[in-house]
Structure formats: C-alpha cells, structure tokens
K.L.:
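I have a structure here, written as structure tokens, and I will follow up with some questions on it.
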Amino acid sequence: MLSTKQITLRTAVIIPFVMIFIITMGVIIAFQKQSYEAMVVDISNKQLGSITENVTLELNQYLQKPFQASLSLSHNVGFNHFYTPGDTQPIEQYLFASFSDLYTTIPQLDVIGFGGINGEYIGLRKEANKELTLMVKDDRTKGELIIFRGSQISKDVRSIISNYDPRKRPWYVPVAQSRAPIWSSIYANADERQEITLSALTPVFQQQEFQGVMVTDVKIDTFNAFLKEIQSQSSAMIYLIDDQERLVAHSTGGSVVSWGTPLSPKGDRLLASESANPVVQTSAIHASQQRIFNQQGTQRFSIDLDGERYFNHLTPYTDQYGLNWRIGVAISEADLLGELPANQRNSWLIGIIISAIGIILGFFALNRIVKPITSTVEASKHLAKGDWDSAMPKPGHIYETTMLVSAFNEMANNLKASFRALRNQLLHDSLTKLYSREGLIETCDNLTELNGSMLLIGINKFRYINDSLGHHKGDQLLIIIAQRLRSLFPDEAYLARIGGDEFAVYLPNPQTVEQNTATANRILQVFASPFVMEKDNVIVNISVGIVDCCPEHNMTLWLRNGSIALSNAKQDSTQISRYSPEMADISRNRTLMVAKIKDAIEHNEFVPFYQPIVDLNSGRVVGAEALARWLSPISGMIPPLEFISIAEESGLIGQIGEQILNQACNDTIKGMREGKWDENFHMHVNLSVKQLSQPSFIVTLQDILQQSGLPARNLTLEITESRIVDNDPITLQNMQTIRQLGVKIAIDDFGTGYSSLAYLHKLPFDCLKIDRTFVNSLNKGNLDTSIVAAVINMTKSMRVEIVAEGIETEEQAQLLSQLACPLGQGFLYSRPVPYHDWPTNLVNMK
C-alpha cells in the first residue's frame with residue numbers, strides 16, 4: 001500500500017536546481033580570477049615600466065657626471081700641455097685642484113688619474129674620511145708606483161707597487177687602441193684595496209699627438225647604494241647585469257664578487273644566477289633558460305618563489321660610450337597590489353565555502369531521493385553475481401521510485417525461480433539426467449577431499465552410429481548407456497556425461513590400481529553385449545581412461561588427466577590406459593610442437609630434400625622422390641619422425657604437403673633448365689590421404705602445375721597404401737581426376753597395408769613402391785620365394801612401374817636386377833639432399 005507522504009519525482013527534481021547556485025559561484029570566481037590576472041598584468045607592466053624609466057634616467061645622470069669630468073680633465077691636460085715625459089707634477093697640481101671641487105659635486109667619484117705613454121701614472125683617491133690619497137709613478141718615484149697617506153709626496157707611504165705599468169691596465173688599453181672616449185670593462189684596481197671599479201676613459205692629446213689616458217673611477221659598491229636609494233621609493237628590487245650575464249650591482253645589498261664557484265673563480269663577479277638574493281637568482285635562471293637575454297627590447301615575465309609571485313622587467317641599457325647592460329626590476333605581487341590579493345583570496349574562499357554548503361545540502365537531498373534506486377542497483381549487482389539470497393531494496397517516499405522498486409522485486413523473484421531451473425539444467429545433463437561436466441566439477445570441488453579415482457569412458461566412432469541410426473536413436477542409445485553405467489556403480493559414485501560421447505565416473509572412496517583395472521575390464525565386458533534398439537542390435541566399442549589419484553583438489557585437473565588417458569586408450573589395443581605424469585608432458589609437448597609447426601608453415605621452413613630413383617639395369621637417374629624436411633633457424637634440422645605424425649593428427653600435413661609439392665615442381669623445372677635433369681625426369685612427391693580427400697585438392701594441383709610450368713607427365717604423386725580409406729568416393733574420384741590430368745599415381749610402402757589383387761584393381765595407379773622391409777630381407781636363398789618376387793610377378797600383367805625402396809648394398813641391387821625389378825632408390829645411390837647439393841657423380845651401376 002502506498003504511503004500518503006510520498007511525493008512525485010517531478011517535485012524531487014527541483015532540488016538539484018540548487019546546484020545552479022554552485023555553478024554560478026564557479027563562473028563568478030572564474031571571471032574574477034581572469035579579471036584579476038588581467039589587472040595584475042596591467043598594473044605590473046605600468047609600475048615596473050615606470051620604475052625602469054626612472055632607473056634609466058637616474059643611471060644616465062649617475063654615469064654622465066663622472067664621464068663629463070673625465071672629458072673635461074683630459075681636454076684641459078692636453079690643451080695646457082701639462083704632460084711632460086717623466087714628470088707628472090703639473091698634472092698632479094691640476095688634478096688636486098680639480099678633485100677638491102669635483103668630489104663634493106660628484107660623490108660617486110672614487111679616483112681620478114692619468115697614465116702617460118711612457119708609463120707614468122699620477123692619481124688621487126678619495127678615502128672614507130673624505131681625505132685624498134696621492135698615487136705617483138714617474139722619475140720622482142724611480143719608476144715605482146707609490147701610494148702616499150696624504151695628498152702630498154712625503155715619507156708617509158701606504159704601499160709601494162713595483163713593475164706597475166698603466167699602459168697594460170684595463171682602463172688604458174681600450175683607449176690606446178681606439179683613441180676615443182669609452183667606458184672600461186669592470187675590473188679590480190691594482191692598489192692595495194683592489195676594489196671593483198668601472199672607469200670613464202678619455203684620450204689626452206697634445207698638438208693632436210696621443211699622450212695618455214685620463215681615467216675617472218666609479219666604485220661598483222656605490223652603484224648598490226644608488227640602486228638601494230631608488231628601491232626605497234618603490235619597494236621593487238633593482239639589479240644591473242652586463243652582457244656576460246654577470247652582476248654589476250643590485251639594490252638588495254651584498255657583494256657582487258665571487259668567493260669561488262665552478263663558474264665564477266674567486267675575485268670574478270658573480271653570475272646573476274649565483275646571486276645570494278633568491279629573487280635575483282631565480283629571475284636570472286628563468287631568463288637564461290628562456291633565452292630572454294638574447295631578445296631585444298623589454299622582456300616581461302613572472303616567477304614563483306616560496307609561494308609568492310614576482311613580476312619582472314628586463315630592459316636593455318646602452319649609451320654612446322659602450323655600455324651594454326640590462327636593467328632588471330622585480331616586484332612581488334604583495335608589494336605591487338597591497339591587500340588586494342588577500343581580499344581576492346578571501347572572496348574566493350567565501351565563494352568556495354558557500355558552494356560547499358550548497359553541495360552538501362544538495363547531496364543530502366539527492367541522497368534521500370536516489371537511495372531506493374541505489375539500493376536497487378546494489379541488489380541487481382548481487383543478483384548478477386548469483387547471490388540470490390541478498391536483501392531486496394525497500395521503497396522510499398517518492399511515487400516513481402516506489403513503483404520502480406516494486407517492479408524490480410517482482411522481476412527478481414521471477415528470475416530466482418528461472419535461475420534455479422536453469423542451474424539445475426546446467427548441473428545435470430538434460431538427456432541422461434546424469435551430472436553435466438560443470439555439475440561434476442562444482443559438486444566434487446565442494447567435497448572435503450578428492451582422494452578417490454576416476455574413469456573416463458569414451459564411445460569409439462559414435463559419429464558413425466549417429467549417421468547410421470539417426471540422431472534420435474543415437475540419443476536413446478546414450479540414455480540406455482547411462483542406465484547401464486548407473487547399474488554398475490554404487491550410489492556414492494558420481495556419474496556425469498562430460499561430452500557428446502564421453503562419460504566420467506568419480507569413485508570417492510580410495511581404490512587400488514588392481515581394483516580400478518578390474519572395474520575398467522568389467523565396463524568393457526558390459527559393453528561387449530549389444531544394445532537392443534527396437535529391432536536393431538547395436539555394438540558399441542568403448543575406451544577407458546583411468547586416473548588412480550590426483551594430488552590436486554581440482555576436478556577440472558582430474559578431468560584433464562582423464563582425457564589424456566582416454567586419448568591414449570583409444571590408440572591402445574587393450575582399450576584401457578592409465579594416466580601418468582609423462583602423458584601430460586607428451587600432450588604438452590605435442591601442443592607446443594603443433595604451435596611450432598604452424599609457425600614453421602608461415603615462415604616456409606619446410607623444404608624438399610631429393611633422393612634419386614635409379615634404373616637398376618643402366619644405372620641412369622630417371623627421377624627423384626621429394627621428402628619433406630624441416631629446417632628450423634633455431635633448432636636446425638628436425639627429423640620427420642618428430643613432426644610428420646603430429647602434423648597428420650593436427651590436420652597441418654596438408655599445408656606442409658602443398659608447400660613441398662609447390663617447391664618440388666618449381667625445382668624440377670629449374671633442374672631441367674639448368675641441365676641437371678633431362679626432360680623425361682620424374683618427380684615423386686608424397687601426398688597425404690587428408691590432402692587427397694579434400695574436394696579442393698584438384699584445383700590446388702592445377703594451380704601449382706600452371707604456376708610452375710611443369711608438364712603433368714613429369715609428376716608422380718605417392719600415396720601410402722595403408723592410409724587409403726577404402727571406398728571413400730572423394731578419394732577415388734580425386735585419384736581418377738589426377739590421372740586424367742596426366743599426373744601419375746604411385747602406391748607407396750606397398751605390402752604393409754591391405755595388399756591384395758582385388759584391392760589393387762579398385763585403385764587407379766601407375767607405380768608400386770615395394771617397402772624397404774621386404775628389400776632388407778632379400779638373400780640368395782629366398783630370392784625366388786620372396787615377397788618382392790611375388791609382387792613383381794603379380795603386377796606383370798598390370799603394366800605398372802615397380803620401384804624398390806631402401807637399397808643400401810650392391811648385393812641388394814644385384815638381387816633386384818635378377819628379379820627384373822626395373823627401378824630402385826636408397827642410400828646406396830644417395831641420401832636425400834637439398835636441390836643445390838644434388839649429386840653430380842652418379843654413374844651407371846651395371
């Protein structure tokens with residue numbers, strides 16, 4: 001009965017619309033994020049662009065003043081002819097007067113000096129106490145560079161530097177070569193302080209003759225202070241990098257000189273990627289990896305460092321005096337936008353929280369709606385796994401789901417009844433009412449232990465019984481056989497029909513080998529009596545495979561072992577075979593061999609070897625027999641005994657035979673063309689009965705003859721006598737058609753099968769090949785009474801050729817000649833060889 005609290009599914013569907021709110025929040029957050037990113041990029045570009053422009057302007061002024069000072073000083077020294085070789089005193093007085101005025105207006109000036117063309121040097125250096133230090137090298141100092149403690153020559157000396165030559169210094173050489181104003185490379189001074197310096201260099205001319213170089217030094221440390229002052233106004237980190245990606249200066253403090261790294265030896269300036277400042281270091285590494293240093297114009301990029309995003313501008317800086325630097329400006333997102341990122345994150349967090357609350361509420365409501373449906377799904381899964389005793393779903397409070405659950409429960413109950421019926425049919429054979437194969441496996445696997453024994457009973461050639469009696473009577477015969485088997489065994493035995501014509505009996509109690517053998521013989525005796533089918537008496541022949549014991553608690557393995565034993569029993573004369581582990585190995589090896597044979601067929605590994613057929617009177621080679629050989633690239637030559645029987649049983653002999661026939665026909669034509677064989681040469685090729693019984697064989701034979709170009713008269717197909725099925729209409733018809741094509745037929749191994757004149761008259765053939773066993777038994781004492789003599793005499797009126805096989809000695813050849821046997825083959829003449837090894841030394845044997 002339906003509850004009054006139920007609502008319709010349409011009403012319940014309204015609840016999921018709450019999810020629209022979540023989607024809306026997601027869209028808003030995504031839009032805000034996109035807008036925020038666009039805003040951040042725009043602000044960072046403007047802010048960093050402004051800072052870069054400011055740094056460029058300030059740097060221009062910062063560097064211009066010392067360079068202008070250098071230009072002015074060089075002009076005045078040259079104009080006033082202050083330079084006299086060996087005497088720098090006039091320049092000293094001029095520089096002292098100038099530096100006293102300049103260092104207050106140009107605080108970044110550290111040293112002003114002059115180097116003459118004759119190696120003189122005069123300079124003034126600013127100290128930390130704003131006093132000046134005089135540095136002189138001329139005739140007064142006897143060629144040594146002396147650094148005094150004051151601004152005058154005195155006995156108070158700071159240091160003396162011998163062998164100092166200003167003409168070899170980095171601030172002199174570029175101007176001496178170019179004779180033009182230029183910035184030096186960044187280098188270390190030669191004085192006792194060895195400070196890292198950038199110098200403004202200008203040439204000094206007197207009467208248009210080059211006299212030396214005027215130099216004004218700017219300490220690199222002063223650049224750091226300069227950049228730090230700019231940073232204090234903007235919160236942005238500023239750094240300068242030269243064209244070798246080494247640091248010139250940065251606003252965050254710290255030395256730019258290396259204390260020794262693999263890339264920067266001690267005393268060199270650090271690479272920007274080696275900076276102690278993580279922002280500068282990471283920015284430089286990113287710029288180097290992205291090849292930004294090789295690109296023109298301002299390059300903009302961002303990096304992430306310790307959860308913080310930094311925006312970067314890297315801008316080229318050049319001037320007319322040779323500087324080629326890049327100005328790097330980096331600012332964190334927090335410094336750029338203040339509290340905006342935090343507010344943005346908070347808004348996103350609030351949106352996520354609201355969305356999560358909406359999701360939870362929606363999930364709760366949806367769970368109540370779909371619970372009956374999900375419980376129905378779980379119940380259906382249990383039913384699909386065969387768990388028919390699982391709990392059924394319960395209806396909820398929604399009308400439609402209640403109707404669905406009720407219909408499902410009714411269907412499940414019907415399925416349970418149907419499944420029980422189907423399961424009974426699966427576990428029991430519907431015809432004999434014995435266990436089926438599946439029923440036997442399931443029932444016995446549920447036993448506590450499997451320590452009994454098993455017998456597999458197979459009806460030999462049951463297909464023929466079905467064909468002769470009809471399938472209805474065949475089914476009735478199976479019912480009677482089942483009843484007869486049931487009467488033989490006690491009630492505790494498990495009987496099953498495991499195949500169309502196979503029965504299995506599992507005896508749960510341990511049995512001795514003798515008891516199992518006696519049971520198998522009793523079954524054979526019972527089946528020796530004919531079965532009465534209405535007016536017909538039917539003789540049923542059976543084979544029995546015995547499994548005495550199996551260590552595995554697995555009925556499937558028992559049945560496999562029994563099947564192997566039954567297969568061996570069908571080939572045994574006693575019709576009884578007992579399973580042994582070796583049988584499984586043999587079966588497994590045969591299966592592996594079948595797979596190898598299939599692979600060998602695909603790769604054309606089967607080739608013909610040829611054994612000559614000789615005219616015993618003249619010794620002339622009149623033909624050859626093509627024998628199949630397996631040349632494996634892995635195992636080498638595999639003997640025919642190892643694969644012929646398996647190929648015949650597996651049905652692969654036909655494909656092997658077709659490959660051999662095709663190759664033999666082509667080789668025969670090739671041998672005739674090359675003069676190896678004459679035009680009357682006969683090629684004998686073995687043909688399996690399975691090939692001969694195929695209706696399509698004639699078409700295959702015609703195709704091979706046409707493709708190879710071999711005349712039909714040169715081909716003889718050999719058929720083993722013992723394997724020809726008597727009265728098989730397809731076989732006989734194909735033999736007649738083969739002869740009509742002009743191809744000859746030889747009966748191989750004659751005398752080992754059903755040989756009789758009456759039998760021979762039924763078969764169309766052109767040649768008999770006497771089996772080697774009869775040739776081996778020939779001797780002078782039994783020559784006239786031998787089977788070979790009888791066969792030759794018997795076939796004289798048939799006008800067929802006779803070939804004796806297995807000739808190994810000269811005596812055998814002579815005896816066969818005495819019996820008027822025309823042809824022979826054997827090891828006496830040659831072993832089977834490939835085409836290219838065909839013997840060329842065969843001579844007349846007479």
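Worth saying up front: this structure is predicted, and the values here are computed from it rather than measured.
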K.L.:
Can you see whether R486 engages T432 through a side-chain donor-acceptor pair at a distance of less than 3.5 angstrom?
P.N.:
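No pair is found: no donor N or O on one side chain lies under 3.5 Å from an acceptor on the other.
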K.L.:
Return yes when atom CD of E492 has more than 12 non-hydrogen atoms of other residues, nucleotides or ligands closer than 6.0 Å, and no otherwise.
P.N.:
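Correct, the count exceeds 12.
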K.L.:
Do Q825 and K769 pair up side chain to side chain, a donor and an acceptor below 3.5 Å, judged on atom types alone?
P.N.:
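A pair is found: one side chain offers a donor N or O, the other an acceptor, under 3.5 Å apart.
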K.L.:
Do the rings of W558 and Y506 sit parallel, tilted or perpendicular, given the 30° and 60° boundaries?
P.N.:
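Perpendicular, since the angle between the ring planes exceeds 60°.
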K.L.:
Measuring from I738:CD1 to L692:CG, what's the distance to the nearest 0.5 Å?
P.N.:
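Separation between the atoms: 5.5 Å.
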K.L.:
If every non-hydrogen atom of S453 is compared with every non-hydrogen atom of Q511, which pair is closest and at what distance?
P.N.:
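Looking at all heavy atoms of both residues, the shortest contact is OG-CG, 3.3 Å.
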K.L.:
Which atoms form the tightest heavy-atom contact between I646 and M593, and what is the distance?
P.N.:
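Closest approach of I646 to M593, heavy atoms only: CD1-CG, 3.6 Å.
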K.L.:
Is S436 reaching over with its side chain to a backbone N or O of L427, donor-acceptor style, under 3.5 angstrom?
P.N.:
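Yes.
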K.L.:
Do you see a donor-acceptor pair shorter than 3.5 Å between the side chains of S708 and N666?
P.N.:
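No, no side-chain donor-acceptor pair sits under 3.5 Å.
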K.L.:
Do R831 and F609 form a cation-pi contact, if we require the NZ or CZ to be under 6.0 Å from the six-membered ring centre and within 45 degrees of the ring's axis?
P.N.:
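No.
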K.L.:
Once rounded to the nearest 0.5 Å, what's the spacing between atom CZ of R437 and atom CG of L559?
P.N.:
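Output value for this atom pair is 4.5 Å.
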K.L.:
Mind checking whether T443 and Y494 have side chains closer than 4.5 Å, heavy atoms only?
P.N.:
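They are in side-chain contact.
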K.L.:
Does the side chain of N686 pick up a donor-acceptor pair with the side chain of E625 at under 3.5 Å?
P.N.:
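Present: a donor and an acceptor within the cut-off.
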K.L.:
What heavy-atom pair brings D548 and V513 nearest, and what distance separates the two atoms?
P.N.:
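Reported closest heavy-atom pair: OD2-CG2, 4.0 Å.
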K.L.:
How about L705 and V743: do any of their side-chain heavy atoms sit closer than 4.5 Å?
P.N.:
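Side chain of L705 against side chain of V743, heavy atoms only: contact under 4.5 Å found.
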K.L.:
Less than 4.5 Å apart, side chain to side chain, heavy atoms only: is that true for F503 and I459?
P.N.:
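Counting from C-beta outward, F503 and I459 do come under 4.5 Å.
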K.L.:
Does the side chain of N460 come under 3.5 Å of the side chain of S543 through a donor N or O and an acceptor N or O?
P.N.:
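Note: N460 and S543 side chains meet the donor-acceptor criterion.
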K.L.:
Would you name the heavy atoms of P530 and N537 that are closest together and state the gap between them?
P.N.:
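Looking at all heavy atoms of both residues, the closest pair is CB-CB, 4.2 Å.
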K.L.:
Identify the two heavy atoms, one from R484 and one from F527, that lie closest to each other, and give their separation to 0.1 Å.
P.N.:
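Smallest interatomic distance, heavy atoms only, reads NH1-CA, 4.4 Å.
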K.L.:
Is the closest side-chain heavy-atom distance between L592 and V594 below 4.5 Å?
P.N.:
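Side-chain contact under 4.5 Å: no.
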K.L.:
Quick one: does L507's side chain get under 4.5 Å of V505's, heavy atoms only?
P.N.:
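SC-SC contact between L507 and V505 confirmed.
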K.L.:
Under 4.5 Å between any side-chain heavy atoms of I601 and Q659, yes or no?
P.N.:
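Heavy-atom side-chain distance check passes, below 4.5 Å.
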K.L.:
Report the C-alpha separation of L701 and L717 in whole Å, then their side-chain angles, then the decisive distance to 0.1 Å, and conclude whether the side-chain contact (heavy atoms from CB on, under 4.5 Å) test is met.
P.N.:
CA-CA 10 Å; L701 176 61; L717 297 179; 4.2 Å; yes
K.L.:
Aromatic rings Y435 and H428: how do their planes relate, parallel, tilted or perpendicular, breaks at 30° and 60°?
P.N.:
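Aromatic pair Y435/H428 classed parallel.
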K.L.:
How many angstroms lie between NZ in K690 and CD in Q655, if you round to the nearest 0.5 Å?
P.N.:
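The NZ atom of K690 sits 12.0 Å away from the CD atom of Q655.
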K.L.:
Do you know which two heavy atoms are closest between A664 and V685, and how far apart they sit?
P.N.:
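So the two residues come closest at CB-CG2, 3.8 Å.
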K.L.:
Quick one: does I479's side chain get under 4.5 Å of L477's, heavy atoms only?
P.N.:
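A side-chain contact under 4.5 Å is absent here.
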